Amino acid sequence: MKEYDYIVIGAGSAGCVLANRLSENPGRSVLLIEAGGDDRSLFIRMPTALSIPMSTPRFNWGYWGQPEPYLDGRRMDCARGKVLGGSSAINGMVYVRGHPEDFEQWVTAGATGWGYADCLPYFRRAERWMGGADTYRGGAGPLDTCNGNNMKNPLYQAFIDAGREAGYGVTEDYNGYRQEGFGPMHMTVRGGERCSTDLAYLQPALRRANLTVVTNAEVDKLKFSGFRATGVLYRRAGQVSGAIARKEVILSAGSIGSPTILQRSGVGPMSLLMSAGVPVRHDLPGVGENLQDHLEVYFQYRCREPITINGHLNWLSKLRIGAQWVLTKTGLGATNHFESCGFIRSRAGVEWPDIQYHFLPAAIRYDGQAAFQGHGFQVHVGPNKPDSRGHVRISGPEPNRQPLIHFNYLSTEKDLADWRNCLRLTREILQQPALDAYRGEEIQPAIDLSDDAAVDSWVRQNVETAYHPSCSCRMGAFDDEMAVVDPECRVRGLRGLRIVDSSIFPVIPNGNLNAPTIMVAERAADLILGKEPRRQEADVWRAPAWKTRQREHDPMRAVTAGPARSS
């Protein structure tokens with residue numbers, strides 16, 4: 001077997017970062033193993049085509065959750081990237097770091113050294129922000145972030161103005177000093193193309209002789225000598241191969257892949273391993289537990305003006321958009337179309353935002369099909385701090401078995417109450433005067449939001465995953481028996497093995513996962529190499545916790561008025 005200093009499993013949002021940073025010194029050899037292939041596809045590179053790679057088996061693991069008892073037995077799609085760049089190659093490209101208090105919450109949960117001041121330098125190191133560097137944003141990193149086509153459609157600004165009129169305020173940069181409020185949304189796009197971690201981190205490193213990348217190779221299990229990880233076994237083209245790690249093995253296979261590889265290797269809850277027919281190497285109860293995700297729904301309205309993307313969904317328009325993008329990397333093909341957004345607190349007493357909005361000047365499904373005939377717009381919305389916890393578990397030792405994924409969505413009364421507040425506040429925002437010129441009939445939810453039972457039923461039937469599985473190998477203090485890794489990302493009770501991906505988040509942040517996953521990998525690279533971690537203090541905007549917005553409204557006014565109708 002070939003030997004390397006470091007073996008990184010998974011070339012996704014974290015693995016590509018690690019491959020780059022660990023191989024910067026030519027004296028260190030690095031092996032990167034990826035189950036998928038290359039990302040050379042027009043549909044990956046073109047931002048507006050985002051719905052295609054997510055539904056393409058070549059690029060997606062194709063996971064499905066178990067029937068969810070609190071969602072009327074529905075099974076939820078759990079798309080995960082199986083390609084160089086991982087989920088950063090098939091996601092919606094939305095760039096949200098999370099609120100600074102999310103990382104203070106990590107510290108409270110036992111992740112010492114992962115507060116906002118510890119994380120901010122690594123967000124900045126990763127990023128090349130279109131506005132240039134400042135106290136909060138990076139200007140010279142590998143990962144390009146921008147605002148797409150800079151909100152040329154008037155609906156984007158109308159949505160921001162509606163949020164301001166509802167009393168929530170405006171933020172010029174939710175990834176900077178102030179997250180709370182309404183403003184432009186950021187995306188990982190470079191020169192009109194998707195900027196995945198493959199493009200940003202891995203491609204520039206491939207010319208290094210000390211970095212080896214093996215694709216189309218599915219990891220079977222880890223190799224151990226006693227309680228030390230020594231290497232990995234993987235399958236490629238029907239053949240079993242192996243590699244030895246002189247220093248460390250690093251799992252970066254994501255919140256589904258990392259816990260299942262550990263479990264197949266005999267690391268996890270003893271009872272689970274025994275029932276799955278896997279010899280127990282190390283009883284670690286937290287492996288696969290604490291699984292968290294965000295849910296969302298669409299508020300959809302007809303639009304009175306013919307200015308929405310629904311007017312460009314015919315084949316001729318798509319051909320024109322595609323041709324312009326291929327020739328110039330500009331136009332409607334060069335954006336994910338989520339160009340304005342909002343972050344608000346759901347009620348008094350909440351200290352930082354727990355509801356997120358993605359605004360889209362179209363009424364459209366995730367598969368790219370129109371939601372109805374004619375023009376429309378929608379806002380994706382959901383509470384971002386759920387209490388519900390689930391798990392990821394193997395059903396046998398074979399790597400080709402689908403894992404058992406159970407999110408346990410909406411299993412607490414708090415989560416249901418959060419959804420009721422969320423829908424009521426959202427309808428109130430969308431009925432503000434700023435949208436009067438555009439807002440037609442409410443297509444969904446179009447129910448009486450004052451009726452708790454009706455709201456709960458509609459949510460159970462209509463929520464969709466936001467594709468943010470996380471926290472299934474959570475980080476925690478050394479004496480926390482349910483923690484899987486310590487604050488240096490080392491697997492508890494084992495040597496030579498770390499996990500670096502979104503599975504180690506102690507608590508899901510207030511936002512999308514790609515940005516914090518990249519940050520975690522940037523900081524973990526310094527920890528692995530024994531470098532002194534960076535820190536940077538910075539002021540953060542905080543609203544008084546006793547009020548939810550700058551001026552108070554009664555959201556029940558919008559609820560009792562019923563859904564808005566066109567005049």
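As the structure is a prediction and not an experimental result, all values here were calculated from the model. All values below come from the heavy atoms of this structure, side chains included, with hydrogens, waters and symmetry mates left out.
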Peer 1: Please check if the side chain of Asn210 supplies one atom and the backbone of Ser23 the other of a donor-acceptor pair under 3.5 Å.
Peer 2: yes

Peer 1: Is there a side-chain contact between His406 and Pro69 (heavy atoms, below 4.5 Å)?
Peer 2: yes

Peer 1: Surrounding NZ of Lys2 (heavy atoms of other residues, nucleotides or ligands, distance under 6.0 Å), is the total greater than 12?
Peer 2: no

Peer 1: Taking only Lys NZ, Arg NE, NH1 and NH2, and the carboxylate oxygens of Asp or Glu, determine whether Arg28 and Asp5 approach each other closer than 4.0 Å.
Peer 2: no

Peer 1: With a 4.5 Å limit on heavy-atom distance, are the side chains of Thr145 and Arg137 in contact?
Peer 2: yes

Peer 1: How are the rings of His358 and His380 set to each other: parallel, tilted or perpendicular (split at 30° and 60°)?
Peer 2: tilted

Peer 1: Judged by modelled atom types alone, do Tyr116 and Glu537 share a side-chain donor-acceptor pair under 3.5 Å?
Peer 2: no

Peer 1: Spell out, as yes or no, whether a donor-acceptor pair under 3.5 Å connects the side chain of Arg281 to the backbone of Val278.
Peer 2: no

Peer 1: Aromatic ring centroids of Phe338 and Tyr95 under 6.0 Å?
Peer 2: no

Peer 1: If you round to the nearest 0.5 Å, how far is CE of Met475 from CG of Asn290?
Peer 2: 12.5 Å

Peer 1: Would Asp526 and Tyr122 count as having a side-chain donor-acceptor pair, cut-off 3.5 Å?
Peer 2: yes

Peer 1: Does Asp501 use its side chain to pair, donor to acceptor, with the backbone of Ala253 at less than 3.5 Å?
Peer 2: yes

Peer 1: Should Arg246 and Glu3 count as an ion pair when the cut-off is N to O under 4.0 Å?
Peer 2: yes

Peer 1: Measure the CZ-SG distance between Arg534 and Cys119 for me, rounded to the nearest 0.5 Å.
Peer 2: 13.5 Å

Peer 1: Does the side chain of Leu494 come within less than 4.5 Å of Val267's, by heavy atoms?
Peer 2: yes

Peer 1: With Ala19, which residues qualify under side chain to side chain contact (heavy atoms under 4.5 Å, CB included), at least two apart?
Peer 2: Leu32, Leu202, Leu211

Peer 1: Using the test side chain to side chain donor-acceptor pair (under 3.5 Å), find all partners of Ser388 that sit at least two apart in sequence or belong to another chain.
Peer 2: Ser411, Asp415

Peer 1: So, do Tyr174 and His186 have ring centers that fall under 6.0 Å from each other?
Peer 2: yes

Peer 1: Counting only N and O atoms by type, is there a donor-acceptor contact under 3.5 Å from the side chain of Arg75 to the main-chain atoms of Gly65?
Peer 2: yes

Peer 1: State plainly whether the residues Lys385 and Asp102 are in salt-bridge range, i.e. N to O under 4.0 Å.
Peer 2: yes

Peer 1: Is a side-chain donor or acceptor of Arg523 paired with a backbone partner of Trp114 at a separation under 3.5 angstrom?
Peer 2: no

Peer 1: Establish, from distance only, whether the side-chain atoms of His391 and Ser472 form a donor-acceptor pair under 3.5 Å.
Peer 2: no

Peer 1: What verdict does the salt bridge (Lys or Arg N to Asp or Glu O under 4.0 Å) test give for Arg393 and Glu289, after you've listed the backbone C-alpha separation in whole Å, the side-chain angles of each residue and the deciding distance to 0.1 Å?
Peer 2: CA-CA 8 Å; Arg393 296 170 181 167; Glu289 302 301 307; 3.2 Å; yes

Peer 1: Would you check, one step at a time, whether the test side-chain contact (heavy atoms from CB on, under 4.5 Å) holds for Leu22 with Val8?
Peer 2: CA-CA 10 Å; Leu22 297 181; Val8 180; 4.2 Å; yes

Peer 1: Do the side chain of Arg235 and the main chain of Asp220 share a donor and acceptor less than 3.5 angstrom apart?
Peer 2: no

Peer 1: Do NZ/NE/NH1/NH2 and the carboxylate oxygens of Arg45 and Asp39 come within less than 4.0 Å?
Peer 2: yes

Peer 1: Are Gln239 and Tyr234 close enough that a side-chain donor and a side-chain acceptor fall under 3.5 Å?
Peer 2: no

Peer 1: Going by the side-chain hydrogen bond (donor to acceptor under 3.5 Å, both in side chains) test, which pairs reach into residues 53-74, not counting sequence neighbours?
Peer 2: Asp38-Arg58

Peer 1: Could you check if a side-chain atom of Ile508 sits within less than 4.5 angstrom of a side-chain atom of Leu513, using non-hydrogen atoms only?
Peer 2: yes

Peer 1: Report yes or no: does Arg125 contribute a side-chain atom to a donor-acceptor pair with the main-chain N or O of Glu522 at less than 3.5 Å?
Peer 2: yes

Peer 1: Quick check: do Trp106 and Phe505 have side-chain heavy atoms less than 4.5 Å from each other?
Peer 2: yes

Peer 1: What is the distance from atom CG of Leu233 to atom CZ of Arg264, rounded to the nearest 0.5 Å?
Peer 2: 11.0 Å

Peer 1: Answer yes or no: is there an ion pair linking Arg21 with Glu24, defined by an N-O contact shorter than 4.0 Å?
Peer 2: yes

Peer 1: Name the residue from Ser88, Ser13, Ser87 that meets the side-chain hydrogen bond (donor to acceptor under 3.5 Å, both in side chains) definition with Thr197.
Peer 2: Ser88

Peer 1: Would you say the side chain of Gln292 lies within less than 4.5 Å of the side chain of Cys471, judging by non-hydrogen atoms?
Peer 2: yes

Peer 1: So does Arg97 pair up with Glu127, basic N to acidic O under 4.0 Å?
Peer 2: yes

Peer 1: To the nearest 0.5 Å, tell me how far Asn20 CG sits from Leu206 CG.
Peer 2: 9.5 Å

Peer 1: Within the side chain of Asp486, is there an N or O that forms a donor-acceptor pair under 3.5 Å with the backbone of Glu488?
Peer 2: yes

Peer 1: Within a strict 4.5 Å, meaning less than it, do heavy atoms of the Pro53 and Ile44 side chains meet?
Peer 2: yes

Peer 1: Among Leu31, Val249, Ile250, find the residue that satisfies the side-chain contact (heavy atoms from CB on, under 4.5 Å) test when tested with Ile9.
Peer 2: Val249

Peer 1: Are Arg228 and Glu248 within salt-bridge range, i.e. N to O under 4.0 Å?
Peer 2: no

Peer 1: For Val540 and Glu101, what are the C-alpha separation, side-chain angles and deciding distance, and is it a side-chain contact (heavy atoms from CB on, under 4.5 Å)?
Peer 2: CA-CA 9 Å; Val540 176; Glu101 287 295 334; over 6 Å; no

Peer 1: Please check if the side chain of Ser503 supplies one atom and the backbone of Ile499 the other of a donor-acceptor pair under 3.5 Å.
Peer 2: no

Peer 1: Would you find more than 12 non-hydrogen atoms of other residues, nucleotides or ligands less than 6.0 Å from Met482 atom CE?
Peer 2: yes

Peer 1: Answer yes or no: is there a side-chain heavy-atom contact under 4.5 Å between Thr517 and Val17?
Peer 2: no

Peer 1: Distance only, no hydrogens: is a donor on one side chain within 3.5 Å (strictly under) of an acceptor on the other, for Gln203 and Asp198?
Peer 2: yes

Peer 1: Within the side chain of Asn336, is there an N or O that forms a donor-acceptor pair under 3.5 Å with the backbone of Gly92?
Peer 2: yes

